[in-house]
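For ligands, and for the atoms within them, numbers begin at 1 and follow the listed sequence. Basis for what follows: all heavy atoms, side chains included, without hydrogens, waters or symmetry-related copies. All residue numbers in this chain count up from 1 along the given sequence.
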Amino acid sequence: MDNNYADFKEEKLENVMSREELLLEHTHSFIVEYSFSKNTFEIFPEQNHYVNFDWKQLGPEREKEFLKTVFKPDVELYKHFIDLSDVTTSIRRSINIRLYVVPHIYEWFRITLLCYVNEAGEKEKTVMVFTNAEKEIEAIHELKSLVKVDLLTQLPNIDTFSMQTWELLKNHPDQQYAIVRMDMQKFRLLNQFYGTKEGDNVLRFVGVKLQECMDSEELYTYCHLSSDIFAVCMTNDMKSINRVIKYIQDSMDQYPLDFEMNMSFGIYMITEQDKIDRIPIVSLVDRAAIAQRVKNNYMNKIAIFDESIAAKEYAEQNVIMEMNNALGTNQFHIYLQPKTDAVTGKIVGSEALVRWIHPTKGVISPADFVPIFESNGFISEVDYYVLDKTCATIRRWLDNGIPAKPVSVNLSRANLYSPRILNDIMECVQKYNVPHDLIEFEITESAFAVDNVHLNNLMTELQKNNFRILMDDFGSGYSSLNSLRELTIDILKIDIKFLPGNRDDKRAEIILRSVIGMAENLGLDVVMEGVETQEQIELLQEIGCKTIQGYLHYKPMPVEEYERIVCEQADLTYDGSKMNE
Ligand code: C2E
Ligand code: CA
Ligand code: CA
């Protein structure tokens, strides 16, 4: 019969079984009962074939004989387990132990021992339940050994590493240690070029080399953390560390593959305080990673976590802790930096720049929190907040006869891929009923390098709705020219780097002229940012750049101050009571 139900066993039943017998057989169990007063043993079920021991044996030698059934390495444990000399009340205990089922072949058994003690404190009987646990325990052991090492390299994994490193620190407290974290630069590329099989081979190779070179150290632990990342804990002596680094890098150079295999290294020196605070080993490895992130580059492959990084990390942590509360308690404000006519110096528009006015720390510059918010996603909240404040401000201008000129808001790169961005913008602008030509969006050049198609869709939608788009920081990266070909931006905002420091810098002048000429030919408006000197503005006037932004004319300023200036320039008297921010 060819179906799933055909797969059962059937055998002839010799005698009727009690429920207990049935249960015991089913669980591969048997019970041994010993009565103290009668000094008798009873086995149930009587007929059992589960261990290599003749239960019919009688006499005082019986217990000793049974020990021969216990797998040697477990004998001591078993003796300890059945020792009831200290027992004064009824107890129950369990143990997993290996017993021979036939000579030379053992299996795991779970033994539960119950000892009954009467009110007079005399032991009455013991009941031992033996259950064959071979299958379960085998599975557990397999799992345990699986999670101890990394399967690919057979090196300890992070859990094992953490445990072993703690042991190391504890057992040799006088030694000073460092964590060295290493990963391969461009490992993803290697996988792409040569396939993941070759990638795996390279990792195994690193594993072997790591083992080889650590062998000559005295005290160490190491592991394969994940993908292309390895870590060791060793003496903090730089000579030893450099030896290990050199060994690994030299080995990589010898790997027979036409691919430049560079390792990058991050080092964290473990302090006494770390040990006292019992900082988790993974956090120490993280610090080595932070050093790598902050300091590693193509030239510099070794980075040591130092005080400056620690301070930065601490400051970042503080920013993250405080950001939600800051938004809820209106600690974020907008400053406006005017954009001016290069010739007349009069205000033609402005850029909204966020400021965090902290109750105790004062004004915090966006340079100190925008990059952090970009990496943790909080920047989208801030960008919407700035847009909201900007719209509210423009509404107030319109309602109170303050000259309303376009304001640009920055859209962070991290925010551009949010599916709600367009919706949120439209909603906000509608809420205050702000004419769309008074809002512009600044998108930094580096965002264009990532996904032009997506960005193009977003820009087209915004432009369809009459919002103008600026490419911010033009020329600060590498993507600009290509993006200009593919994207229809409205305004080019030229990065401060393009601005010659003085009139003698003729090469810079030629480049600036060409860029502004190109923008003109493409039909783009231009804003030159970062204009600080009279000399610079004269040059810009000469080249024909119409709009500028920079400290020479105005620094970013509170909204109220901006309002006073635009009113002045329009010969209006400014009424500060119309402020209701
Ligand atoms: P950005 O968008 O390129 O803004 C221009 C920065 O240059 C501003 O710094 C401004 O104060 C500064 N600046 C203006 N004129 C001059 C000058 O003549 N010389 C020099 N050396 N600098 C000048 P700020 O306000 O500190 O902002 C720094 C960056 O933070 C901004 O660069 C922008 O990337 C980011 N940021 C500021 N506000 C926001 C915001 O609301 N959202 C997002 N996503 N980013 C913002
Ligand atoms: Ca900007
Ligand atoms: Ca800029």
- Any heavy atom of Leu353 under 4.0 Å from ligand 1? The part involved is both

- Item | Val354, portion touching ligand 1 at heavy-atom distance under 4.0 Å | both

Heavy atom of the protein closest to [atom] (residue, atom name, distance):
| atom | result |
| --- | --- |
| atom 1 (P) of ligand 1 | Asp472 OD2, 4.0 Å |
| atom 10 (C) of ligand 1 | Gln337 OE1, 3.8 Å |
| atom 16 (C) of ligand 1 | Tyr551 CE2, 3.2 Å |
| atom 19 (N) of ligand 1 | Glu532 OE2, 2.5 Å |

- Do the side-chain N and O atoms of Thr444 and Arg413 include a donor-acceptor pair separated by under 3.5 angstrom? no

- Assign the ring pair Phe378 / Phe332 to parallel, tilted or perpendicular, where the plane angle (0 to 90°) is split at 30° and 60°. tilted

- Message: Among residues at least two apart in sequence or on other chains, which ones pass salt bridge (Lys or Arg N to Asp or Glu O under 4.0 Å) with Lys275?
- Response: Glu272

- Note on the structure: With sequence neighbours left out, the residues meeting salt bridge (Lys or Arg N to Asp or Glu O under 4.0 Å) with Arg293 are none

- Item | side chain to side chain contact (heavy atoms under 4.5 Å, CB included) partners of Asp504, counting only residues at least two apart | Asn502

- Look at ligand 1 and say whether Glu529 reaches it with a heavy atom at a distance under 4.0 Å. yes

- So what's near the Ca ion (ligand 2), protein N, O or S atoms under 3.0 Å? Glu351 OE2, Asn410 OD1, Glu442 OE1, Asp472 OD2

